[in-house]
Amino acid sequence: MITKPKGMYDLLDIDAKLYQYIQNTITTYMENYNYDFIRTPIMESSELFHRTVGEETDLVTKETYDFVDRGNRNMTLRPEGTAGVVRSLIENKLYGNHNETIKYYYLGTMYRYERPQLGRNRELTQFGVEVFNSDDFMSDVEVISLGANVLKDLGIENFTIHINSLGDKESRDNYTKALKNYLKPNIDKLCPDCQARFNKNPLRILDCKVDKNSDILKNVPKINDYLNEESKFRFNKITEMLTMLDIDYELDFNLVRGLDYYDYTVWEYLTDEEGLALGGGGRYNGLVKSLGGPDMPAIGFGIGIDRVILELKKKLEGHELKKNIDAYIMCVNEEEKIHALKIAQDLRLNNIMTEVNSNNLSFKSQFKVADNLNAKFIIILNSEDLAKGLINVKDNATKEEMKIDENELTDWIMGNI
RNA sequence: GCGGAGUUGGUGAAGUGGUUAACACGGUAGAUUGUGGCUCUAUUAUGCGUGGGUUCGACUCCCACACUUCGCCCCA
């Protein structure tokens, strides 16, 4: 038997239903917020991710699906959504010649070569938005609240927004310097991972689970104290506006996020019980320019749909998702089958959810199938009635049976569902 | 990439080195209900993740691999 590759999965049953529900909700939301849908390729030149996500981040150094194609090109399956959208923005000159804020959203699969766990697969689906050409706190607030509102609207209540500001490059550099100076004398008291981070990505030491409660990390300098006036003003304005919009959040000065391109505002949507991240985002004002585009500010987030599905499934535990069709057509002999096909097509073309016995089931089994599908009406064809141009319809709730003229059946059902 | 746990039918699962892999749900066929939903009867894995090995004999012991799951790293 051929089995699925590690970390891949089939989207089935309830998961598939929830996925479609999420997709529909998102589509509606994005229209209301006036975002355009964009789909970028699942694979890009490897170089794109090296230049955006960061040369040193693990996501790029050891967690991508890389391969050389038949033309000897280095390709990478996208590990995240932002890089492709930014590349497309530049390549297609989507910034054009207007001053408006440019707003896109995407929904698609990403690929990361890592060890699978619950809520973490090698193929994952992300929904994300990217907003370009606005450096105002207005867009920060819009994007942060948009993500929270979508999650809430989908039915997820138990999450908290963790938010922080990394400030501009200058503030961030100053802070990194101060942090390293503070940690240097005590570095050997931290865990081995942190010692490695010290040179590679010192900000991530703040995130460490092992040393979280050590005195060293408790008294670590706070990035907030190193923000310059402009960065500080922006951050305060954003939190103020979130409060005004009734969006709850938690200041988290240890939140730094992994990708290199973030500056200023960064945030995550964390579930309350396990602290599993549903999504996260940040501002990345330098990225467009560094990829050869105009000097254009940008901000965005990504939300892991698979994790959203996981959360929604917890709520559904115990509940069965039942089918609810409008009509089930029972038939046994050839003549009845012919009528069944005709009636089924007619009903379906009139938006009536219809199923028809297509499996030579016994009379009894057909009733069972109709029950399992929760059919509102059961259309029981029999040759005798058909000869008189009549259709036998049973209301499955009242068990009442009636004979309807063949030509009026569709109208009758439409009037009674 | 590192470490731990697991893998029995459509589903939940029990089980032992030795003919027929328990039980329950579900499925199918039939009986009885005026055309089903209750009840009853029969039937439903030549198969115990895959491939090797040990053995007279393995689902049960050993090895490898695959997949799942938990933790680390990292991240959504």
Side-chain angles (χ1 to χ4, degrees), chain A residues 1-10 12-13 53-54 56-64 78-82 107-128 147 151 159 162 191-197 200-201 204-205 207-210 255-260 262 266-271 274-282 300-311 320 328 330-332 357 359-375 378-382 385 392-394 396-397 399-401:
Chain A
M1 186 172 64
I2 299 172
T3 54
K4 62 186 181 298
K6 196 194 202 75
M8 305 289 158
Y9 58 94
D10 303 309
L12 297 167
D13 300 328
V53 178
E56 291 301 313
T57 55
D58 279 12
L59 182 55
V60 157
T61 54
K62 57 180 200 196
E63 290 180 6
T64 49
R78 61 183 181 193
E80 55 96 46
T82 300
L107 176 69
T109 51
M110 314 290 158
Y111 299 84
R112 296 181 184 178
Y113 196 93
E114 53 187 349
R115 193 75 160 255
Q117 282 175 37
L118 184 67
R120 175 207 271 185
N121 289 302
R122 288 186 171 186
E123 179 175 68
L124 56 133
T125 307
Q126 276 193 319
F127 151 63
L151 289 173
F159 72 92
H162 283 230
C191 72
D193 286 325
C194 282
Q195 294 180 24
R197 289 179 184 118
K200 213 175 73 179
N201 198 347
R204 292 213 62 89
I205 294 178
D207 255 355
C208 183
K209 283 171 201 141
V210 181
L255 175 69
V256 292
R257 297 194 51 74
L259 312 184
D260 278 359
Y262 289 118
V266 291
W267 72 98
E268 286 182 352
Y269 305 101
L270 293 181
T271 58
E274 288 148 65
L276 193 70
L278 293 168
F301 68 68
I303 285 179
I305 297 301
D306 314 278
R307 291 185 174 179
V308 172
I309 289 176
L310 229 48
E311 284 301 308
E320 246 180 286
Y328 184 84
M330 289 173 56
C331 56
V332 176
N357 164 41
N359 218 10
N360 283 320
L361 295 175
S362 70
F363 213 59
K364 183 170 173 172
S365 299
Q366 293 190 44
F367 269 112
K368 280 192 181 171
V369 173
D371 277 335
N372 285 339
L373 293 172
N374 265 324
I378 303 179
I379 296 168
I380 307 163
L381 300 181
N382 69 71
D385 287 331
N392 200 14
V393 180
K394 182 169 187 168
N396 205 27
K399 305 301 172 201
E400 203 180 332
E401 260 182 85

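Naming convention: chains lettered A, B, ... in sequence-line order (proteins, then strands); numbering from 1 in each chain.
Residue A/Gln117 places its side chain closer to B/C70 than to any other of B/C70, B/U35, B/A76. Of the candidate nucleotides B/U32, B/A76, B/U69, B/U69 has the atom lying nearest to any side-chain atom of A/Leu118. For A/Asn372, the side-chain atoms get nearest to B/G27 when compared with the rest of B/G27, B/A76, B/U35. Considering only the side chain of A/Ile380, B/U35 comes nearest among B/C74, B/U28, B/U35. Out of B/G1, B/G37, B/C74, the shortest distance to the side chain of A/Tyr113 is found at B/G1. Of all nucleotides listed (B/U35, B/U69, B/A76), B/U69 comes nearest to the side chain of A/Pro116.
A/Tyr328 and A/Asn396 are not linked by any side-chain donor-acceptor pair at a separation below 3.5 angstrom, with hydrogens and angles left out of the test. Side-chain N/O atoms of A/Tyr111 and A/Glu123 include a donor and acceptor closer than 3.5 Å.
Using a 4.0 Å heavy-atom distance criterion, A/Asn382 is classed as making no nucleic acid contact. Using a 4.0 Å heavy-atom distance criterion, A/Gly7 is classed as a sugar-phosphate-only contact. A/Asn359 comes within 4.0 angstrom of nothing in the nucleic acid, heavy atoms only. Across all strands, A/Gly128 comes closer than 4.0 Å to no nucleic acid atom at all (heavy-atom distances). No engagement by A/Ile303 is indicated, since no non-hydrogen atom pair under 4.0 Å with the nucleic acid exists.
Of the possible polar contacts, one joining the A/Asn357 side chain to the A/Asn359 backbone as a donor-acceptor pair under 3.5 Å is found. Using modelled atom types, one side-chain atom of A/Glu80 and one backbone atom of A/Thr82 make a donor-acceptor pair closer than 3.5 Å. Judged by distance alone, with hydrogens and angles left aside, the side-chain atoms of A/Arg307 form a donor-acceptor pair with the main-chain N or O of A/Gly119 at under 3.5 Å. Judged by distance alone, the side chain of A/Arg257 and the main-chain N or O of A/Gly282 form no donor-acceptor pair under 3.5 Å.
Comparing the C1' positions of B/G53 and B/A42 gives an interatomic distance of 43 Å, to the nearest angstrom. Comparing the C1' positions of B/U16 and B/G47 gives a spacing of 16 Å, expressed to the nearest Å. Comparing the P positions of B/U11 and B/U50 gives an interatomic distance of 14 Å, to the nearest angstrom. One P atom belongs to B/A29, the other to B/G37, and the distance between them is 13 Å to the nearest Å. Rounded to a whole angstrom, the distance from the P atom of B/U44 to that of B/C56 is 35 Å. Taking the P atom of each, B/C25 and B/U20 are spaced 26 Å apart, rounded to whole Å. Rounded to whole Å, the separation between the C1' atoms of B/G12 and B/G18 comes to 29 Å. Spacing between B/C59 and B/G15 at atom C1', rounded to whole Å, works out to 10 Å.
Whole-Å rounding puts the A/Glu268 CD to B/C74 P distance at 13 Å. Atom CG in A/Asn360 sits roughly 15 Å away from atom C1' in B/A29 (whole-Å rounding). The distance between atom CG of A/Asn392 and atom C1' of B/G34, rounded to the nearest whole Å, is 13 Å. Distance, A/Asp13 CG to B/G10 C1': 12 Å, rounded to whole Å. Regarding A/Leu276, its CG atom lies at a distance of 13 Å from the P atom of B/U69, rounded to whole Å. Counting to the nearest Å, the P atom of B/U69 and the CD atom of A/Glu114 are 13 Å from each other. Following rounding to the nearest Å, A/Leu255 (CG) and B/A76 (C1') show an atom-to-atom distance of 13 Å. In this structure, A/Leu12 atom CG and B/G10 atom P are separated by 15 Å, rounded to whole Å.
Toward the 5′ end of RNA chain B lies the nearest nucleotide of A/Lys4, the other residue of the pair A/Arg204 and A/Lys4 mapping further downstream. Map A/Gly304 and A/Met330 each onto its nearest nucleotide of RNA chain B; the residue landing nearer the 5' end is A/Met330.
Nucleotide B/C23 forms a pair with B/G12, judged by Watson-Crick or G-U wobble geometry with both contacts under 3.5 Å. The nucleotide B/C40 finds its pairing partner in B/G30, both defining distances of the Watson-Crick or G-U wobble pair being shorter than 3.5 Å. The partner of B/U46 is absent, by the rule that a Watson-Crick or G-U pair needs both atom distances under 3.5 Å. In this entry B/A66 has B/U7 as its Watson-Crick or G-U wobble partner, both defining distances falling under 3.5 Å. Nucleotide B/G1: paired with B/C72 (Watson-Crick or G-U wobble, both distances less than 3.5 Å).
At B/C67, one or more side-chain N or O atoms of A/Lys6 fall inside 4.0 Å of OP1 or OP2 (strictly under the cut-off). In this structure, A/Gln366 does not reach the B/U35 phosphate: none of its side-chain N or O atoms is under 4.0 Å from OP1 or OP2. OP1 or OP2 of B/U28 has not a single side-chain nitrogen or oxygen of A/Ser362 nearer than 4.0 Å. For the OP1/OP2 pair of B/G71 and a distance below 4.0 Å, the side-chain nitrogens and oxygens of A/Arg115 include no atom meeting the criterion.
Using a 4.5 Å heavy-atom cutoff, the side chains of A/Leu381 and A/Met330 are not in contact.
Minimum heavy-atom separation, A/Pro116 to A/Gly7: CG-CA, 3.8 Å.
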